[in-house]
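The structure under discussion appears below in the form of structure tokens.
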Amino acid sequence: MRLVAAAAALEALTGLVLAISPSFVAWLLFGARLDAPGEAVGRVAGFALLSLALACWPANVTTTTAASTRGLFLYNVLAAIFFLYLGLSHALVGVILWPAVAVHGILSVLLARLLAVKTP
């Protein structure tokens, strides 16, 4: 499905940027830079997002597996909840935190609808 391909592409792009410059992503999302250990963990998170995107990339645009849809759904729900928590607690807020909450929230709803349609 095109939704799964679009979500996987978004996660691949985020993972690539995170793997290259974790401090830049942290500054955009949280308004803070990372120290050396944070940079290392950020790069590993970037690798994980790239791996998730590759695992969820549909073999063709018209068919997807329920497993890839569930994986993307869970990631987006958890990211939306965590980013929302950070924003509401005013703990770490950068220039793209609220747009990230919105994007992950919207993707969560759309992927949930897709799962509901696929699951009898």
Side-chain angles (χ1 to χ4, degrees):
M1 172 112 333
R2 289 188 177 129
L3 173 62
V4 173
L10 179 63
E11 301 315 334
L13 177 63
T14 304
L16 183 62
V17 175
L18 193 55
I20 292 168
S21 182
S23 252
F24 178 66
V25 176
W27 177 76
L28 287 174
L29 277 173
F30 311 127
R33 296 280 180 191
L34 300 174
D35 56 9
E39 286 273 332
V41 171
R43 282 197 170 84
V44 172
F47 303 153
L49 278 179
L50 283 169
S51 300
L52 173 67
L54 179 63
C56 294
W57 195 263
N60 65 52
V61 178
T62 58
T63 61
T64 59
T65 65
S68 63
T69 306
R70 283 192 306 267
L72 285 168
F73 169 73
L74 179 61
Y75 170 74
N76 280 285
V77 165
L78 294 174
I81 291 168
F82 183 63
F83 290 162
L84 182 64
Y85 165 76
L86 289 175
L88 292 176
S89 69
H90 304 290
L92 297 166
V93 179
V95 294
I96 66 165
L97 180 67
W98 291 112
V101 170
V103 167
H104 286 290
I106 290 167
L107 281 173
S108 296
V109 169
L110 293 174
L111 288 164
R113 290 182 63 205
L114 184 60
L115 284 169
V117 169
K118 282 188 165 198
T119 308

Would you be so kind as to tabulate the donor-acceptor pairs closer than 3.5 Å made by side chains of residues 70-89, with sequence neighbours excluded?
unit_1 : atom_1 : unit_2 : atom_2 : d
Asn76  : OD1    : His104 : ND1    : 2.6
Asn76  : ND2    : Leu72  : O      : 2.7
Ser89  : OG     : Tyr85  : O      : 3.0
Ser89  : OG     : Leu86  : O      : 3.2
Ser89  : OG     : Ala91  : N      : 3.4

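Cluster partners of Leu54 are absent, since no Ile, Leu, Val, Met, Phe, Trp or Tyr has side-chain heavy atoms less than 4.5 Å from it. Residue Ile20 shares its hydrophobic cluster (ILVMFWY side chains chained together at separations under 4.5 Å) with Leu16, Leu50.
To the nearest 0.5 Å, atom CG of residue Leu97 and atom NE2 of residue His90 are 11.0 Å apart. Separating the CG atom in Leu114 from the CG atom in Leu3 is a distance of 6.0 Å, to the nearest 0.5 Å.
Screening residues 6-15 for side-chain hydrogen bond (donor to acceptor under 3.5 Å, both in side chains) gives no qualifying pairs among residues at least two apart or on separate chains. Pairs of residues two or more places apart, or lying in two chains, that qualify as salt bridge (charged side-chain N to carboxylate O under 4.0 Å, His left out) and include a residue from residues 20-41 are Glu39-Arg43.
The same ILVMFWY cluster, assembled from side-chain heavy atoms under 4.5 Å apart, contains both Leu13 and Leu52. By the rule that hydrophobic residues join a cluster once side-chain heavy atoms approach within less than 4.5 Å of another member, Val101 and Val95 end up as members of one cluster. Taken together through direct or relayed side-chain contacts under 4.5 Å among Ile, Leu, Val, Met, Phe, Trp and Tyr, Ile96 and Trp98 form part of one hydrophobic cluster. Under the 4.5 Å side-chain contact rule for hydrophobic residues, Val109 and Leu107 do not share a cluster. Put simply, Phe47 and Val25 are part of two different groups of oily side chains (I, L, V, M, F, W, Y) that touch within less than 4.5 Å, one to the next.
Heavy-atom minimum distance, Ala55 versus Ser68: O-CB, 4.3 Å. In terms of heavy atoms, Gly42 sits closest to Pro22 at CA-CB, 3.9 Å. Residues Ala100 and Leu29 come closest through the heavy atom pair CB-CD2, 3.7 Å. Of all heavy-atom pairs spanning Trp57 and Ala8, the tightest one is CE3-CB, 3.6 Å.
Counting heavy atoms from C-beta on, the side chains of Leu34 and Val41 never come closer than 4.5 Å.
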